[in-house]
K.L.:
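Below is the structure I would like to discuss, written out as structure tokens.
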2 protein chains.
Amino acid sequence: MQDYEKIFKAFLAGKGLKLTMPRRYILEEVFRLHEHFNAEDLYAKVKLVTRDVSLATVYRTLPLLMEAGLVQHALRSSGRDRFEHIYGHPKHVHWLCRNCGAIQETDLQALMPVIKKQADAIRFKTDDIELSIRGICWKCALLENENHIEKE
Amino acid sequence: MQDYEKIFKAFLAGKGLKLTMPRRYILEEVFRLHEHFNAEDLYAKVKLVTRDVSLATVYRTLPLLMEAGLVQHALRSSGRDRFEHIYGHPKHVHWLCRNCGAIQETDLQALMPVIKKQADAIRFKTDDIELSIRGICWKCALLENENHIEKE
DNA sequence: GGAATGTTGCAACTGATTCTCAATACAAGG
DNA sequence: CCTTGTATTGAGAATCAGTTGCAACATTCC
């Protein structure tokens, strides 16, 4: 059994809940996906493997996975909540280009000491960190510049 | 005229749009509010001052204010987009307690050097930074502990 | 004045997420 | 292998934040 299964199972057990087949299918798929996904993406993927999972169950399982620390919110996009698995991954910063929509990631570790310090200062018990930065990626910046020059 | 009015007016003019009365009421209220707010909050506040603004107009004006750099997204809460005005304010970190919902803020400045360095590394032109941290505030942590002790 | 263009309130709509509910599964204790 | 209590599920209905179409206005520029 994968580590993340053990963790999820233990987490559920702690709340008197069980690791059922639908939950297991969802969990597996979450860790097979290596990009951000929304509930519908995840549902579609799971559907390829089995019919024994409904969209409602996906929506019900996602919060459990987050509470278990296996999944975190990623940047919301086009009106949909997005997620990503985090177990075994260092947390990261998301850079969202508001022109082309591309998302890049960088490491959050470098920021952790300062964040830790602030958390201590206000005595906050951190679960989940989400650092999202919106702006323009270099490709789009380049294009914008070209167009600008053309116009003049 | 306030600085932010000038900015908004200039921004609108640049797009062939005008600073109309409804937009002006909304703008004023945004800068009178010193907490996070969602569209409905803002609408309710504006309603206290005038009847000449509809909720639809609030929803239509908010994206303009963001594009003008006067307002930014804050942490989404209970299914609603939240905002805050930012003109003249240093950006900050949001600490959201997932038990009591309280939001605290700390200064983002301390983190800027590292963020700036990463931005340079991927040649990203930053507009908007949103650092949201979910967890448990010290008050709730205290309560949780007490309950735990009682149970045992 | 009158055309052209931007703006607004209202109400209808959209679409993601949540909820309801009746049917199932499953464990524990006979 | 019944019985009972509790957790779980799929399907579809309900909800509700946010968006949009539209007819009526407002402004500006001939």
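Residue numbering restarts at 1 for every chain, and letters A, B, ... go by the order of the sequence lines. Computed from a predicted structure; not experimentally measured.
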K.L.:
Which comes earlier along DNA chain C counting from the 5' end, the contact point of A:Arg80 or that of B:Ser54, where each point is its nearest nucleotide?
P.N.:
B:Ser54

K.L.:
Using heavy-atom distances to pick each residue's nearest nucleotide on DNA chain C, tell me which of B:Lys15 and B:Arg51 is more 5'.
P.N.:
B:Lys15

K.L.:
Pick base, sugar-phosphate or nothing for A:Asn38, based on heavy-atom distances below 4.0 Å to the nucleic acid.
P.N.:
nothing

K.L.:
I need the A:His94 NE2 to A:Glu84 CD distance, nearest 0.5 Å.
P.N.:
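Taking NE2 in A:His94 and CD in A:Glu84, the distance rounds to 4.0 Å.
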
K.L.:
Tell me the interatomic distance from B:Leu12, atom CG, to D:dT27, atom C1', rounded to whole angstroms.
P.N.:
15 Å

K.L.:
Atom CD of A:Glu28 and atom OG1 of A:Thr50: how far apart are they, to the nearest 0.5 Å?
P.N.:
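Between atom CD of A:Glu28 and atom OG1 of A:Thr50 there are 12.5 Å.
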
K.L.:
Please determine, for the side chain of A:Val53, which listed nucleotide (D:dG10, D:dT8, C:dT17) has the closest atom?
P.N.:
D:dG10

K.L.:
Using a cut-off of less than 4.0 Å, is there contact between a side-chain N or O of A:Thr20 and OP1 or OP2 of D:dT9?
P.N.:
yes

K.L.:
Strictly below 4.0 Å: does B:Arg23 bring a side-chain N or O up to OP1 or OP2 of C:dT7?
P.N.:
yes

K.L.:
When we call it a touch if two heavy atoms are under 4.0 Å apart, what does B:Asp52 touch: a base, just sugar-phosphate, or nothing?
P.N.:
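Touches sugar-phosphate only.
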
K.L.:
Between D:dT8, D:dA11, C:dC10, spot the one nearest the side chain of B:Ala56, thanks.
P.N.:
C:dC10

K.L.:
More than 12 heavy atoms of other residues, nucleotides or ligands under 6.0 Å from NZ of B:Lys47: yes or no?
P.N.:
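Counting neighbours around NZ of B:Lys47, more than 12 heavy atoms of other residues, nucleotides or ligands fall under 6.0 Å, so yes.
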
K.L.:
Can we call the ring centroids of B:His73 and B:Phe83 under 6.0 Å apart?
P.N.:
yes

K.L.:
Taking the nucleotide of DNA chain D with the closest heavy atom to each, which residue, B:Gly79 or B:Arg60, is nearer the 5' end?
P.N.:
B:Gly79

K.L.:
Does A:Tyr59 have a side-chain nitrogen or oxygen under 4.0 Å from the phosphate oxygens OP1 or OP2 of C:dT18?
P.N.:
no

K.L.:
So which one's nearest nucleotide on DNA chain D is more toward 5', B:Ala39 or B:Lys18?
P.N.:
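Mapping each residue to its closest nucleotide by heavy atoms, the 5'-most match is B:Ala39.
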
